[in-house]
2 protein chains.
Amino acid sequence: MYSNKQTLLSLFQEKQGTFLSGQAIADNLGCSRTAIWKYIDSLKKDGYEIEAVRNKGYRLVDQPNLVKEYEIQRDLHTKTLGKKVYYHDTVTSTQKIAHELAGQGAQEGTLVIADQQESGRGRMDRQWYSPKGTGVWMSLILRPKLLPTQTPQFTLLTAVAVAQSIEEVTGITPDIKWPNDLLIRGKKCTGILTELQAEADQVRYMIIGIGINVNQDASDFPEELQEIATSLKMVKKQEIPRAKLVQEILRRLEKLYDLYIQLGFEPIKLLWESYSTTIGKTINARTMNRNIVGKAIGLSHDGVLLLEDEEGVQHRIYSADIS
Amino acid sequence: MYSNKQTLLSLFQEKQGTFLSGQAIADNLGCSRTAIWKYIDSLKKDGYEIEAVRNKGYRLVDQPNLVKEYEIQRDLHTKTLGKKVYYHDTVTSTQKIAHELAGQGAQEGTLVIADQQESGRGRMDRQWYSPKGTGVWMSLILRPKLLPTQTPQFTLLTAVAVAQSIEEVTGITPDIKWPNDLLIRGKKCTGILTELQAEADQVRYMIIGIGINVNQDASDFPEELQEIATSLKMVKKQEIPRAKLVQEILRRLEKLYDLYIQLGFEPIKLLWESYSTTIGKTINARTMNRNIVGKAIGLSHDGVLLLEDEEGVQHRIYSADIS
């Protein structure tokens with residue numbers, strides 16, 4: 001069903017709004033005209049507006065902005081990421097479902113994505129507001145051969161991949177706030193949550209949670225978020241196709257992942273620093289034990305944030321809230 | 001039920017094989033003589049041999065070598081570790097059950113212990129042979145405020161706690177083979193598996209799996225293990241009380257855990273090195289990517305094994321099989 005809906009959509013896309021005959025579709029999909037009617041009907045139910053005219057065939061008039069399996073996998077062309085997609089209309093949290101799937105042995109690259117999360121989670125179990133139909137709420141299962149020590153590097157890598165993807169799809173260049181918040185004009189549009197299950201010296205699986213505010217209007221945010229959050233639509237002043245953004249993220253993440261495995265953290269470090277709004281600034285880092293004020297002078301070769309305080313002492317920041 | 005069985009056993013223990021009147025027991029437990037009979041009967045079913053003589057009372061003649069809840073919690077005196085114990089006669093693996101419990105929010109210090117594991121696991125998903133009634137097969141849930149980066153240090157800490165406990169209970173001093181195998185006369189008696197679930201910069205929970213060959217005879221080991229494995233009984237030439245060993249581990253682990261949180265890794269490093277059979281030797285370390293041959297010169301201040309090769313170059317070994 002999914003792969004036929006994918007093909008059908010690709011056919012419509014090629015035709016760019018002109019008619020496609022029932023026979024042409026039947027030939028392409030290798031199925032009966034009754035079966036075609038079933039796929040058309042299913043697309044209509046998903047919100048696609050398809051016109052049917054006797055002796056002319058079918059024409060795609062308008063499409064909804066969805067993140068269903070077939071929309072993400074259509075013309076995706078990745079090797080592993082997104083090869084398996086679990087779409088849900090509503091979930092508690094995609095992260096939770098991804099953990100369950102990973103525990104059951106789900107393969108590397110498995111994607112869990114939802115149109116709405118009822119209790120989306122960010123770092124440190126903070127709530128992540130994930131209203132219906134407006135954002136990208138996704139969790140990706142990876143099984144990299146890494147030490148648990150290296151996962152903070154992977155967190156930085158993910159921030160770069162998402163920043164590149166937003167740039168590619170919208171033309172907007174987001175800033176990365178250490179370690180992995182994406183901001184546009186100082187307001188947060190993306191949060192990333194990296195979780196792992198591991199032995200002391202080997203990662204068993206990693207779950208990369210990505211939440212992007214895509215098509216919210218200002219009034220869609222609860223009051224307490226209005227000052228600090230933004231969406232891509234609010235900045236770009238037009239609706240952004242969510243599936244396209246997800247596809248771009250999967251492609252970019254796969255490329256950077258390959259790069260990282262082959263060449264290590266150095267190229268990722270350079271990319272991350274190019275998006276960073278933290279480096280060069282004097283910041284306050286609240287770690288588990290204390291506050292450190294200093295100038296962020298860069299990342300270490302292994303991905304730790306380096307702060308230089310007033311007395312010229314360098315501090316390695318592994319984990320902190322910064323402001 | 002458990003707490004009354006605990007108290008009853010402690011009373012018997014105090015009396016050291018002499019009779020305890022039904023009235024004395026009833027006074028101590030604050031329950032009826034019918035209830036006492038129920039506890040006595042339950043102990044008998046667990047394998048305790050209790051003699052009942054009219055007008056004299058009850059006498060503990062012999063006790064089985066068990067690791068049930070009430071035997072572990074009796075006179076344990078820890079603050080957190082083992083405050084909650086889940087005992088099972090047979091499980092697939094205590095580690096698996098501990099993960100489930102931790103996922104459901106089980107508190108720090110929760111212990112899962114079994115008399116037998118059907119598919120016990122060691123590091124890298126290797127099998128761990130765990131036959132009925134002979135070993136200590138346990139998994140402990142901890143929720144330390146640590147970076148994932150620090151968990152290898154906790155693995156070394158656990159090895160020290162178990163080594164100290166074996167020493168205390170049996171008088172035998174085991175060697176630690178990096179990172180956390182315990183050997184006696186070159187044969188393995190204990191394996192430790194540290195697993196964690198974490199955010200990139202914060203441990204959510206840690207599961208410490210400990211498997212100790214306690215009361216096996218040589219012939220109890222499958223042939224492929226006979227050359228490389230040993231049990232405490234085989235070395236000591238007498239049966240070792242398993243619950244006592246578990247209690248000692250919980251106490252030692254709690255002490256070292258406190259020490260680590262207060263003073264950091266330095267004291268743990270010194271203790272670990274004192275048991276180590278690796279330091280000072282020329283070893284072959286097979287890491288994920290390559291083999292390194294060199295002299296183990298010690299642990300770094302953060303718990304990484306330092307190898308010096310023939311050319312005097314120092315290597316930091318995070319993860320490897322060594323021989």
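Note that these values count all heavy atoms, side chains included, but never hydrogens, waters or copies made by symmetry. In the text below, chain A, chain B and the rest are named by the order of the sequence lines, each starting its count at 1. This one's a predicted model, so the numbers in the text were calculated from it and none came from an experiment.
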Scan the chain B/chain A interface and emit each donor-acceptor pair under 3.5 angstrom with its distance.
residue	atom	partner	partner atom	Å
Arg123(B)	NH2	Asp201(A)	OD2	2.8
Met124(B)	N	Glu199(A)	OE1	3.0
Met124(B)	N	Glu199(A)	OE2	2.8
Thr194(B)	O	Ala200(A)	N	2.9
Glu195(B)	OE2	Arg204(A)	NH1	2.4
Glu195(B)	OE2	Arg204(A)	NH2	2.5
Leu196(B)	N	Ala198(A)	O	2.7
Leu196(B)	O	Ala198(A)	N	2.9
Ala198(B)	N	Leu196(A)	O	2.9
Ala198(B)	O	Leu196(A)	N	2.7
Glu199(B)	OE1	Met124(A)	N	3.1
Glu199(B)	OE2	Met124(A)	N	2.8
Ala200(B)	N	Thr194(A)	O	2.9
Asp201(B)	O	Ser319(A)	OG	3.4
Asp201(B)	OD2	Arg123(A)	NH2	2.9
Asp201(B)	OD2	Ser319(A)	OG	3.3
Arg204(B)	NH1	Glu195(A)	OE2	2.5
Arg204(B)	NH2	Glu195(A)	OE2	2.5
Ser319(B)	OG	Asp201(A)	O	3.4
Ser319(B)	OG	Asp201(A)	OD2	3.3

With a 4.5 angstrom heavy-atom cut-off, which part of Leu196(A) approaches chain B: side chain, backbone, both or neither? both

For each of Pro179(B), Ala198(B), Pro148(B), tally heavy-atom pairs with chain A at distances under 4.5 Å, and name the one with the top tally. Ala198(B)

Measure Leu156(A) against the heavy atoms of chain B and call it side chain, backbone, both or neither at under 4.5 Å. neither

In terms of heavy-atom proximity below 4.5 Å to chain A, should Leu146(B) be classed as side chain, backbone, both, or neither? backbone

Nearest heavy-atom approach of Ala200(A) to Pro152(B) is O-CG, 3.8 Å

